[in-house]
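For clarity, every value in this text was computed on a predicted model and none was experimentally measured. In what follows, chains carry the letters A, B, and so on, assigned in the order in which the sequence lines appear, proteins first and then strands, with residues in each chain numbered from 1.
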There are 2 protein chains.
Amino acid sequence: MSQTPKQSAERSVPTSADVARLAGVSRATVSYVLNNTSSVRISEPTRRRVREAAEELGYVPHAAARSLRAGHTRMVLLPAATFSLGPLFHEFFNELQWALRRLDYTVVQYGSLGLDGDEAARAWAELRPVAVVSLGEVGLTPQGVETLKRSGAKAVISLAPRRVEGAHSLVMDQSEVGSCAVTHLIQRGRRDIGVVIPGEAGLEHFSEPRFEGARRAGAAGRARIEPLPLSYDEESASALASSWRGLGLDAVYAYNDDYAMLLMRALQEEGIDIPGQTAVIGADDLLLGRLLRPRLSTVHIDMVTGRLLAEIVDRVVRDPGDHLEIRDLMGARAVHRESS
Amino acid sequence: MSQTPKQSAERSVPTSADVARLAGVSRATVSYVLNNTSSVRISEPTRRRVREAAEELGYVPHAAARSLRAGHTRMVLLPAATFSLGPLFHEFFNELQWALRRLDYTVVQYGSLGLDGDEAARAWAELRPVAVVSLGEVGLTPQGVETLKRSGAKAVISLAPRRVEGAHSLVMDQSEVGSCAVTHLIQRGRRDIGVVIPGEAGLEHFSEPRFEGARRAGAAGRARIEPLPLSYDEESASALASSWRGLGLDAVYAYNDDYAMLLMRALQEEGIDIPGQTAVIGADDLLLGRLLRPRLSTVHIDMVTGRLLAEIVDRVVRDPGDHLEIRDLMGARAVHRESS
DNA sequence: TTGAAAGCGGTACCAC
DNA sequence: GTGGTACCGCTTTCAA
């Protein structure tokens, strides 16, 4: 106490040297014991002394020092979504994290809100992650990928709707969703189809490909496709609904179930019969869609399992030369209920 | 190419020494230039040469090396939710991250799925975060807090419903939500009140305090409170609904709007009049709750702004002695619509 | 079985 | 103005 006045207030962080001193051994021995290094034999009494000393001091190894020495990390960086992607992605994320941890990776989500693609890539690269798995919330550019790889990332994997030069692209083709929805509507005999474009920022990476797929299916089926901007609030929905009759549409694909439910209710308030006058279909197959009347038709999405993706990450990390290219990470199929 | 055979395959990560070599200066100079160190004057030509060299090599500083030298990081670690907390928390999270970045912190979410409180605290401590802000998804124990502080964390802030010894607890009192809901039902003349307990794992940290608040309000208002386990799927809801008449309840507080919508629909299918025979109230004021008929009554929650919390984090980091204790981070008020 | 020491990448003090 | 260099905490080779 008299030695270091500030000790109690801000006692310094214990290091392996402190553990060594307390146990009466060298730092090397501490390292061997705490890492269970198998290539070296340490006597049981020594091990016990070291462990007790570490315990007593509350020693926690310094990850930065360790990885600095090792020359690499086991960190997998996931750019964090800046918005809610819904329960589907959330479950996928959890699964991925869990599976990666089992493979002994440290999983970290890096919030990149307000950074553009290249700034973000630099920020991530400073942490020297061994892998980056992007769902496409922040635009990953070819330069960004180059930055990451140059900084030691073995795997840069993009699940974005669009391929990114240099990255291992596991194309999760969102356009399939829009295509499915519109094809379904056409099969139900509709020809004038509105497609909702969410007004919320950050959703473009999903909504654009979905719209593109819708347009493609519309062209193939000789249907008219009409883009319909819509914000996720009641005012926007009722504004759109009140102008509905003038649009001459007999069906609408509403981006996802949330938007579909919102719009369907607004159309009903306007006295428009669903599906008689207008068919409605959403996407993502939310439970709540089954609770409205009529029950909401939707596009069900089968996501790749997190476990599978974790294995892919691990494989690419171990052999970066392996230029695999996996498609069909996502299956999409229309589910007909009552609204279409 | 002939110099280093593996160059293209795995050229090594450029360091400040490489930049120095290319620019023909010392590592010290590189550091001064790239950090704009104001205490030292570097000539403009030198600065340019250094910057160009860094650019050419694609140099990105190594965060671990930097923080090792500095003795501290600017990392704020947020234990990542293992489940979806809904749009309310999501927005709060985004705001917090954005505000912390503006204060020059690096925000990182650490996925802790499958780790218990103390394991998780150790894992976090290895990264030497300067602050940890927990929403209570993973149990923060007093030992965990101690581990973090000993490892150099200046601020350990808990937004959990329960206070945690040693941490700066910013109590976000979820019990207020349950209490509001039940008080509202009692005011509407109900006396036999069911309270839904979600079956989903990971929600206990929220559902238990909400139930506790409900019980408290029930006792105060001389109402009977009946716990009702319910999983988030249609089977579970219709099973509960089919046994409803035997339960003798005239109202139900259904944890949140999602569960409320699910249960309300199941009750309607069973021919039970809402709110005539049974009043229903949810919580979180989701937009979708207004789309069902009758419109769902709910408890609206006013969250603390992320900006405010970021400022609190910053203050505690700068002055860890500041033992502030803020309450009322969350306001809750019942919103009467048609279902109650 | 254990210890001494080099070195990972960056920073900052001190000398020139 | 710029360079030399010690040091942050940890791992690992080599020697004892």
Side-chain angles (χ1 to χ4, degrees), chain A residues 12-51 53-54 57-75 122 125-128 130 150-152, chain B residues 12-51 53-54 57-75 106 125-128 130 150-152:
Chain A
S12 60
V13 184
T15 71
S16 74
D18 296 320
V19 176
R21 200 154 29 238
L22 183 58
V25 299
S26 74
R27 291 160 61 215
T29 306
V30 171
S31 177
Y32 293 141
V33 170
L34 297 183
N35 293 307
N36 282 312
T37 308
S38 55
S39 66
V40 82
R41 309 276 114 201
I42 305 280
S43 68
E44 200 44 53
T46 303
R47 303 185 96 87
R48 250 204 19 252
R49 286 215 316 284
V50 169
R51 283 196 232 280
L57 293 175
Y59 170 73
V60 176
H62 193 309
R66 178 181 299 194
S67 61
L68 183 57
R69 168 67 223 222
H72 60 257
T73 68
R74 294 281 293 172
M75 180 187 295
R122 273 186 61 93
E126 293 194 358
L127 297 180
R128 297 291 191 271
V130 70
R150 231 210 289 278
S151 79
Chain B
S12 60
V13 183
T15 70
S16 74
D18 296 320
V19 176
R21 199 152 30 236
L22 182 58
V25 299
S26 73
R27 295 196 300 144
T29 305
V30 171
S31 176
Y32 295 141
V33 171
L34 297 183
N35 294 306
N36 283 312
T37 308
S38 55
S39 65
V40 81
R41 309 277 114 201
I42 305 281
S43 70
E44 201 44 53
T46 304
R47 304 184 95 88
R48 249 203 20 253
R49 287 216 315 286
V50 169
R51 283 196 234 279
L57 294 175
Y59 170 73
V60 176
H62 193 311
R66 184 185 304 216
S67 62
L68 182 57
R69 170 65 226 216
H72 61 257
T73 68
R74 294 281 293 171
M75 179 188 295
T106 296
E126 293 193 359
L127 298 181
R128 298 290 190 269
V130 70
R150 230 209 290 278
S151 79

- Query: Within the side chain of Arg128(A), is there an N or O that forms a donor-acceptor pair under 3.5 Å with the backbone of Met75(A)?
  - Reply: no

- Check every atom of dG9(C), dT2(D), dT2(C) against the side chain of Thr15(B) and return the nucleotide holding the closest atom. dG9(C)

- Task: Look at the side-chain N and O atoms of Ser16(B) and state whether any lies under 4.0 Å from the OP1 or OP2 oxygen of dG10(C).
- Result: yes

- Task: Please work out if Thr37(A) contacts a base, only the sugar-phosphate, or nothing of the nucleic acid, heavy-atom cut-off 4.0 Å.
- Result: nothing

- Quickly work out the Arg27(B) CZ to dC8(D) C1' distance and round it to whole Å. 13 Å

- Taking for each residue the nucleotide of DNA chain D bearing the nearest heavy atom, is the 5' side occupied by Ala28(B) or by Gly71(B)? Ala28(B)

- Message: Taking 4.0 Å as the cut-off, does a side-chain nitrogen or oxygen of Tyr32(A) come that near to OP1 or OP2 on dC10(D)?
- Response: no

- Query: How long is the line joining CZ of Arg48(B) and P of dG1(D), in whole Å?
  - Reply: 17 Å

- Message: What contact category does Ser31(A) fall into here, base, sugar-phosphate, or nothing, at under 4.0 angstrom with non-hydrogen atoms?
- Response: base

- Using the side-chain contact (heavy atoms from CB on, under 4.5 Å) rule, take His62(A) and Leu68(B) through it: C-alpha gap first, then chi angles, then the decisive distance, then the call. CA-CA 9 Å; His62(A) 193 309; Leu68(B) 182 57; 4.2 Å; yes

- Note on the structure: Atom CG of Leu34(A) and atom P of dC10(D) are separated, to the nearest Å, by 10 Å

- Base, sugar-phosphate, or nothing: which does Val40(B) touch, judged by heavy atoms less than 4.0 Å apart? base

- Task: Answer yes or no: is there a side-chain heavy-atom contact under 4.5 Å between Ser43(A) and Arg48(A)?
- Result: no

- Euclidean distance, atom CG of residue Leu127(A) to atom P of dG9(C) [Å, nearest integer]: 16 Å

- Closest non-hydrogen atom pair between Val40(B) and Tyr32(B), with its separation: CG1-CG, 3.6 Å

- Item | Closest to the Ile42(A) side chain, choosing from dG4(D), dA5(C), dT2(C) | dT2(C)

- For Arg21(A) and dA4(C), what is the distance between atoms CZ and P respectively, to the nearest whole Å? 13 Å

- Does the dG1(D) base have a donor-acceptor partner in the side chain of Arg41(B) within less than 3.5 Å? no

- Message: How many whole angstroms separate atom NE2 of His72(A) from atom P of dC10(D)?
- Response: 17 Å

- Measure the shortest side-chain to side-chain distance between Thr29(B) and Arg49(B) over non-hydrogen atoms and say whether it is less than 4.5 angstrom. no

- Nearest-nucleotide comparison on DNA chain C, the residue closer to the 5′ end among Thr29(B) and Gly24(A): Gly24(A)

- Those residues of residues 60-70 of chain B lying under 4.0 Å from DNA chain D by at least one heavy atom: Leu68(B), Arg69(B)

- Query: Do the side-chain N or O atoms of Asn35(B) get closer than 4.0 angstrom to the phosphate oxygens (OP1, OP2) of dG10(C)?
  - Reply: no

- Item | Working for side-chain contact (heavy atoms from CB on, under 4.5 Å), residues Glu44(A) and Arg47(A) | CA-CA 5 Å; Glu44(A) 200 44 53; Arg47(A) 303 185 96 87; 3.4 Å; yes

- From Asp18(A) atom CG to Ser12(A) atom OG, the distance as rounded to the nearest 0.5 Å: 6.5 Å

- Task: Compare side-chain N and O positions of Thr46(A) against OP1 and OP2 of dT1(C) and report whether any pair is under 4.0 Å apart.
- Result: no

- Query: Should Thr73(B) and Thr106(B) count as side-chain neighbours, where that means a heavy-atom distance under 4.5 Å?
  - Reply: no

- Item | Whole angstrom value for the distance that separates P of dG9(D) from CG of Asp18(A) | 8 Å

